[in-house]
Amino acid sequence: ICFVSSSTNPAMERKADRVIKPASSYYFIRAVISYLLGRNLHNNVFISSQCSGFEKYRAEVLKDDFRTLISGSGLTEEEITGFAEEFNKKMKAVVIFAEQTTDHIVASELRNLCLLTGKTGKEGSGILCLRSSCNSQGIIDMGLAGGDAAGILSGVENLLVFGEDPVGLANGDIAIADLISKTRFRVVQDFRMTATAALADGVLPSSYIFESGGSFTSSGKVISRMPKQRSGPAGPPGFQQIASILKEVGQPCSADIEEIHEEMLLSVSGGDDRKLAFISAGGPATQHLFRHGCNSLEALFESEIMHPE
């Protein structure tokens with residue numbers, strides 16, 4: 001077990017066989033990748049058969065000076081090369097990281113490292129992201145994640161936000177409120193009034209999963225079903241509200257939870273033949289885009305139950 005973290009965590013360090021404390025996780029992982037690519041130590045068989053975008057990514061990485069990456073990591077060259085060689089030679093290696101403490105740039109580079117060394121998709125190997133929000137993996141599997149906020153909202157006139165508070169949970173000076181305010185019509189479906197809901201033209205009451213039934217996808221991509229336990233005070237559960245709206249605008253869809261689940265399974269099970277793309281992250285991130293994975297319910301739980309004033 002190798003524990004890599006810029007901060008001190010005695011509980012985890014005691015369990016590890018090796019502890020690495022880089023000044024920058026981004027420069028550490030990027031230096032490891034640069035070392036492997038510079039010496040042609042990547043798994044070419046896996047990459048050529050399972051991946052896309054490798055040559056473009058390789059050219060981008062090798063533009064960076066290896067010494068500069070080492071300097072940015074705050075580690076010695078021996079620490080970088082030693083880790084790279086050991087990780088690459090391991091037949092079974094699992095990378096585990098928490099989304100709460102790992103920015104999206106580092107997460108992308110960790111994914112690239114697993115692709116580069118052929119660890120992805122093999123028994124006892126790969127990458128496991130401990131998501132900060134309860135159904136982040138499900139959102140990703142449905143193809144509803146990716147891109148920057150400005151790019152996603154460019155040209156959008158009508159906006160529907162489900163259970164998230166990008167305005168209230170944005171970090172730093174991210175101008176999410178300005179981006180959302182530029183849309184023509186906004187509807188928010190949530191459990192309570194949030195900063196994002198305050199900007200909406202309409203607010204729909206959300207329902208908890210025990211009031212509607214549904215599923216969660218774990219970080220290991222295991223789908224768990226939860227049946228409806230009781231009816232909530234909001235009347236029709238959230239998915240039926242959306243189905244009613246779609247019907248009114250001429251886009252009818254099923255309002256039956258079982259039919260929706262079957263359609264979801266067909267959607268996520270049909271992409272096994274797609275190649276895994278290398279992601280050009282672009283450089284170190286300065287901060288997470290959102291707190292609590294942008295999840296308003298998680299933020300409420302944290303502020304009023306875990307750490308009440």
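Atom set for the values below is all heavy atoms of this structure, side chains included, hydrogens, waters and symmetry mates excluded.
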State yes or no: do [X] and [Y] share one hydrophobic cluster built from I, L, V, M, F, W and Y residues joined by side-chain heavy-atom distances below 4.5 Å, directly or via other members?
{"X": "Leu62", "Y": "Ile29", "answer": "yes"}
{"X": "Phe239", "Y": "Leu246", "answer": "no"}
{"X": "Leu159", "Y": "Leu199", "answer": "yes"}
{"X": "Leu297", "Y": "Ile242", "answer": "no"}
{"X": "Phe97", "Y": "Tyr27", "answer": "yes"}

Does a side-chain heavy-atom distance below 4.5 Å link [X] with [Y]?
{"X": "Tyr26", "Y": "Glu109", "answer": "yes"}
{"X": "Ile80", "Y": "Ser73", "answer": "yes"}
{"X": "Cys51", "Y": "Lys275", "answer": "no"}
{"X": "Ser215", "Y": "Met264", "answer": "yes"}
{"X": "Val203", "Y": "Met193", "answer": "yes"}
{"X": "Ile209", "Y": "Phe216", "answer": "yes"}
{"X": "Ser24", "Y": "Ser6", "answer": "no"}
{"X": "Leu113", "Y": "Leu36", "answer": "yes"}

Is the side chain of [X] donor-acceptor paired with the backbone N or O of [Y] at a distance under 3.5 Å, no angle test?
{"X": "Arg186", "Y": "Asn158", "value": "no"}
{"X": "Asn88", "Y": "Leu41", "value": "yes"}
{"X": "Glu79", "Y": "Thr76", "value": "yes"}
{"X": "Gln241", "Y": "Pro236", "value": "yes"}
{"X": "Ser71", "Y": "Arg67", "value": "no"}
{"X": "Ser254", "Y": "Ile260", "value": "no"}
{"X": "Ser125", "Y": "Ala93", "value": "yes"}
{"X": "Ser207", "Y": "Gly238", "value": "yes"}
{"X": "Lys15", "Y": "Ala11", "value": "no"}

Distance-minimising heavy-atom pair for [X] and [Y]:
{"X": "Thr183", "Y": "Val156", "answer": "CG2-O, 3.6 Å"}
{"X": "Leu169", "Y": "Cys294", "answer": "CD1-C, 3.6 Å"}
{"X": "Val188", "Y": "Ala200", "answer": "CG2-CB, 3.8 Å"}
{"X": "Pro22", "Y": "Ser5", "answer": "CD-O, 3.7 Å"}

Can you measure from [atom1] ([X]) to [atom2] ([Y]) and round to the nearest 0.5 angstrom?
{"X": "Ile1", "Y": "Ile96", "atom1": "CD1", "atom2": "CD1", "value": "8.5 Å"}
{"X": "Ile245", "Y": "Leu160", "atom1": "CD1", "atom2": "CG", "value": "6.5 Å"}
{"X": "Asp190", "Y": "Ser206", "atom1": "CG", "atom2": "OG", "value": "6.5 Å"}

Please state whether the rings of Phe191 and Tyr208 are parallel, tilted or perpendicular, taking 30° and 60° as the class boundaries.
-> parallel

Any idea how Phe278 and Tyr57 line up, ring-wise: parallel (<30°), tilted (30 to 60°), or perpendicular (>60°)?
-> parallel

Has Met226 got more than 12 heavy atoms of other residues, nucleotides or ligands less than 6.0 Å from its CE?
-> no

Show your reasoning for whether side chain to side chain donor-acceptor pair (under 3.5 Å) applies to Asp165 and Thr196.
-> CA-CA 5 Å; Asp165 185 17; Thr196 304; 2.5 Å; yes

Evaluate the side chain to side chain contact (heavy atoms under 4.5 Å, CB included) criterion for residues Arg18 and Glu86: first the C-alpha distance (whole Å), next the side-chain angles of each, then the deciding distance (0.1 Å), finally the verdict.
-> CA-CA 12 Å; Arg18 183 180 177 188; Glu86 183 179 0; 2.7 Å; yes

Step by step, would you call His261 with Ile223 a side chain to side chain contact (heavy atoms under 4.5 Å, CB included)?
-> CA-CA 11 Å; His261 184 72; Ile223 299 174; 4.0 Å; yes

Show your working on side chain to side chain contact (heavy atoms under 4.5 Å, CB included) between His42 and Arg58 and close with a plain yes or no.
-> CA-CA 10 Å; His42 54 278; Arg58 177 178 182 170; 3.7 Å; yes

[X] and [Y] ion-paired at < 4.0 Å:
{"X": "Arg230", "Y": "Glu211", "result": "no"}
{"X": "Glu13", "Y": "Lys21", "result": "yes"}
{"X": "Arg30", "Y": "Glu60", "result": "yes"}

Could you give me the CA-CA distance, side-chain angles and deciding distance for Val106 and Leu110, then say whether side chain to side chain contact (heavy atoms under 4.5 Å, CB included) is met?
-> CA-CA 6 Å; Val106 172; Leu110 287 171; 4.2 Å; yes

After noting the C-alpha distance and the side-chain angles of Tyr35 and Glu77, does the key distance pass the side chain to side chain donor-acceptor pair (under 3.5 Å) rule?
-> CA-CA 10 Å; Tyr35 174 80; Glu77 182 176 351; over 6 Å; no

Identify whether NZ of Lys or CZ of Arg in Lys119 sits under 6.0 Å from the centre of the six-membered ring of Phe87 and within 45° of that ring's axis.
-> yes

Check against side chain to side chain donor-acceptor pair (under 3.5 Å), Asn43 and Thr117 = CA-CA 5 Å; Asn43 190 325; Thr117 54; over 6 Å; no

Going through the checks in order, is the salt bridge (charged side-chain N to carboxylate O under 4.0 Å, His left out) test met by Lys182 and Glu157?
-> CA-CA 8 Å; Lys182 292 177 182 178; Glu157 293 188 356; over 6 Å; no

